[in-house]
Amino acid sequence: MLSPKLLRGETDKVANNLARRGHELDVSGYKKLEARRKALHMETERFRNERNVRSKSIGQAKAKGEDIEPLKAEVDKLGERLKDLEGDLKVVTRELREVELGLPNLLDESVPDGKSEEDNQEVRVWGEPKTFSFDVKDHVDLGGEQMDFEVAAKITGSRFVVLKGSVARLHRALIQFMLDTHTQEHEYQEVYVPYVVHAGSLVGTGQLPKFAEDLFRISHEQPFFLIPTAEVPVTNLARDSIIEAEDMPLKFVAHTPCFRSEAGAYGQDTRGMIRQHQFEKVELVQIVRPDASYEALEQLTGQAETILQRLNLPYRTVILCAGDTGFGSAKTYDIEVWLPSQARYREISSCSNFETFQARRMGARWRNPETGKAEVLHTLNGSGLAVGRTLVAILENYQREDGTVEVPEALRGYMGGRETL
RNA sequence: GGAGAGAUGGCUGAGUGGUCGAAAGCGCUCCCCUGCUAAGGGAGUAAGGGUUAAAAGCCCUUCGAGGGUUCGAAUCCCUCUCUCUCCGCCA
């Protein structure tokens, strides 16, 4: 959510920034609504004041033993009008909040213009796409019987997978390796969190109210959802709280499954493990002082890249252009790993600075020692990394001519010393 | 699942219809005193919003959430959520 003050005070400026994303803010509609809210608000306050003052005088009159009946009747009438006003104000406030919750974040100045993925800018490239002297197979062929989409479809449906044997173990090894690296070398605290969250948490991180169709909703009575990313429960750790400056930055890493309905992705990446309804991810989250968030974004992105470097997987990092930057993000780097079967880079991590966008929705603040006040903090997150896609990248990049796959050196300790899958 | 207790400011914790945005303590800030591994005294200290060029001041809202009673609710009633204790069940 944007600062209501900023939105009110500099509506046109905000509209211009949002236009870079292709989001059109209805300025006159917003201004009209806001003007109505303000008028109602002031009128309501006036009536409340009147009521409070008079009620107090009734109390005093009663204490003196005076007749208070006529006074009561008078204030009673006032109360009726007040009730109407409060009702109207509530409706308008709710409408306005709906509008505010639907607005994406402001973009950082360093975000390049552009409409789509094609306008993203390469920031750096690491490693070189390996050349193969034979026809490369994709991960589905390489996984063979140990990557079973058919049985998963029987159990559940499309976009699920069953992993077996050494592929299942490699999958688990990747999780361990990522968690160990981030906790031991990058000083993240490992956390275990709920995979089911209520709507408030999703509003906090920005998935709701706008992107409900991307989520799996469970339970009929209570609005519970499966998490689409660990970002939701982990960032919400700071919900409704005030963090002391000396405790910052808070750095959390969590491994969780992620569940996405992938509505609207029909026909995309239907083969293999690239796009699944359920996948594992190791997620990095930082809760930081506002003046430190951009430094933290660079750090966090670099930490995610470390994993690919250790696995010796070629990748590149791009900065997302205005049109491709996610709803809540002010600035996002995507890390893309090289997939030989597709002969192109594919997203494996997305690292974003949300500035105050999520914190404001969540009520997450920190105590600024300079002002002594509780102020809205900044949140960031990034995949470190998407486990399923990392598995895909390993299978494809480490394949041999005979269809076997070499185990990356960094993972052998997690694989009982095996050198081949 | 059954029975009971509770939810108050950064924290602990008083407060059962008006003078309570709320005692006290802790913490924090400032000042005074003191010279020795410290302590003592005083003052201030909830958040959000409106009015303002800004501040002061004034006003509104907020005592888990939502609804209700009342001229007036932290305080009474209803619903919900969460926490704790005991019993039952259980990975």
Side-chain angles (χ1 to χ4, degrees), chain A residues 1-11 31 33-97 99-101 192-204 208 218-225 233 236-248 250 257 287 289 356 359-377:
Chain A
M1 201 161 72
L2 304 176
S3 151
K5 220 172 208 165
L6 184 77
L7 185 57
R8 236 177 275 149
E10 307 193 47
T11 314
K31 282 185 175 167
L33 196 60
E34 170 54 26
R36 184 159 150 67
R37 185 205 61 85
K38 188 168 180 175
L40 275 168
H41 184 246
M42 292 177 73
E43 184 76 352
T44 306
E45 282 200 355
R46 242 193 34 228
F47 269 80
R48 279 179 180 154
N49 176 241
E50 186 81 19
R51 181 204 58 194
N52 291 347
V53 169
R54 292 206 193 191
S55 291
K56 203 167 267 185
S57 71
I58 289 178
Q60 286 162 353
K62 197 179 170 188
K64 285 183 211 152
E66 293 170 12
D67 180 20
I68 56 173
E69 287 311 316
L71 291 170
K72 275 164 78 167
E74 212 177 311
V75 186
D76 196 27
K77 247 177 238 165
L78 216 119
E80 280 172 39
R81 172 86 178 109
L82 179 60
K83 212 163 230 180
D84 288 344
L85 278 169
E86 283 177 334
D88 291 349
L89 179 63
K90 203 173 201 174
V91 169
V92 172
T93 304
R94 197 174 298 157
E95 269 178 61
L96 197 62
R97 182 167 168 82
V99 170
E100 288 168 353
L101 284 176
Y192 169 80
V193 292
Y195 302 157
V196 175
V197 292
H198 59 59
S201 293
L202 289 152
V203 171
L208 287 179
I218 60 170
S219 155
H220 298 290
E221 313 81 40
Q222 288 166 309
F224 279 162
F225 299 82
N236 273 284
L237 287 172
R239 186 177 191 78
D240 293 325
S241 60
I242 299 171
I243 316 281
E244 295 302 329
E246 63 262 31
D247 296 331
M248 299 175 96
L250 292 176
I287 313 284
R289 302 167 52 125
T356 58
R360 190 167 284 115
R361 290 170 166 240
M362 287 191 307
R365 296 176 298 170
W366 71 299
R367 195 166 296 284
N368 185 343
E370 282 172 32
T371 61
K373 300 254 179 203
E375 299 172 7
V376 188
L377 50 74

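Only heavy atoms go into these numbers, but all of them, side chains included; no hydrogens, no water, no symmetry mates. Being a predicted model, the structure only gives us computed values, none of them experimental.
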* Asked: Any side-chain donor-acceptor pair under 3.5 Å between A/Arg51 and A/Ser55?
  -> no
* **Gap in Å between the two P atoms, one belonging to B/C63 and one to B/G10, rounded** => 13 Å
* Would you indicate what A/Lys38 reaches in the nucleic acid, counting non-hydrogen atoms under 4.0 angstrom: base, sugar-phosphate, or nothing? => sugar-phosphate
* **Which nucleotide in B/G18, B/U61, B/G50 has an atom nearest any side-chain atom of A/His41** => B/G50
* Structure fact -> Winner on side-chain proximity to A/Met42, out of B/G66, B/U19, B/U51, is B/U51
* Asked: Does A/Arg367 place a side-chain N or O at less than 4.0 Å from the phosphate oxygens OP1/OP2 of B/U45?
  -> no
* A/Gly79 or A/Lys56, whichever maps to the more 5' nucleotide of RNA chain B -> A/Lys56
* For A/Asn49 and B/U61, is the shortest distance between a side-chain N/O and OP1 or OP2 below 4.0 Å? -> no
* To do: Test for a donor-acceptor pair under 3.5 Å between the base of B/G10 and the side chain of A/Glu244, counting only N and O atoms.
  => no
* To do: Taking only the side-chain nitrogens and oxygens of A/Lys373, find out if one of them lies under 4.0 Å from OP1 or OP2 of B/G10.
  => no
* To do: Choose from B/G18, B/U69, B/G48 the nucleotide whose nearest atom is closest to any side-chain atom of A/Ile58.
  => B/G18
* Across the strands shown, which category fits A/Arg365 at heavy-atom distances under 4.0 angstrom: base, sugar-phosphate, nothing? -> sugar-phosphate
* Tell me which nucleotide among B/G50, B/U69, B/C71 gets nearest to the side chain of A/Lys5. => B/G50
* To do: Name the nucleic acid region contacted by A/Arg48, choosing base, sugar-phosphate or nothing; use a 4.0 angstrom heavy-atom cut-off, strictly under.
  => sugar-phosphate
* Asked: Looking for any heavy atom pair under 4.0 Å, which part of the strands does A/Arg46 touch: base, sugar-phosphate only, or nothing?
  -> nothing
* State the pairing partner of B/G27; accept Watson-Crick or G-U wobble contacts with both distances under 3.5 Å, and report none otherwise. => B/U45
* Asked: For the side chain of A/Lys90, counting heavy atoms from C-beta on, which of B/C71, B/G66, B/U69 is nearest?
  -> B/G66
* Asked: A/Lys62 or A/Asp76: which one's nearest nucleotide on RNA chain B is closer to the 5' end?
  -> A/Lys62
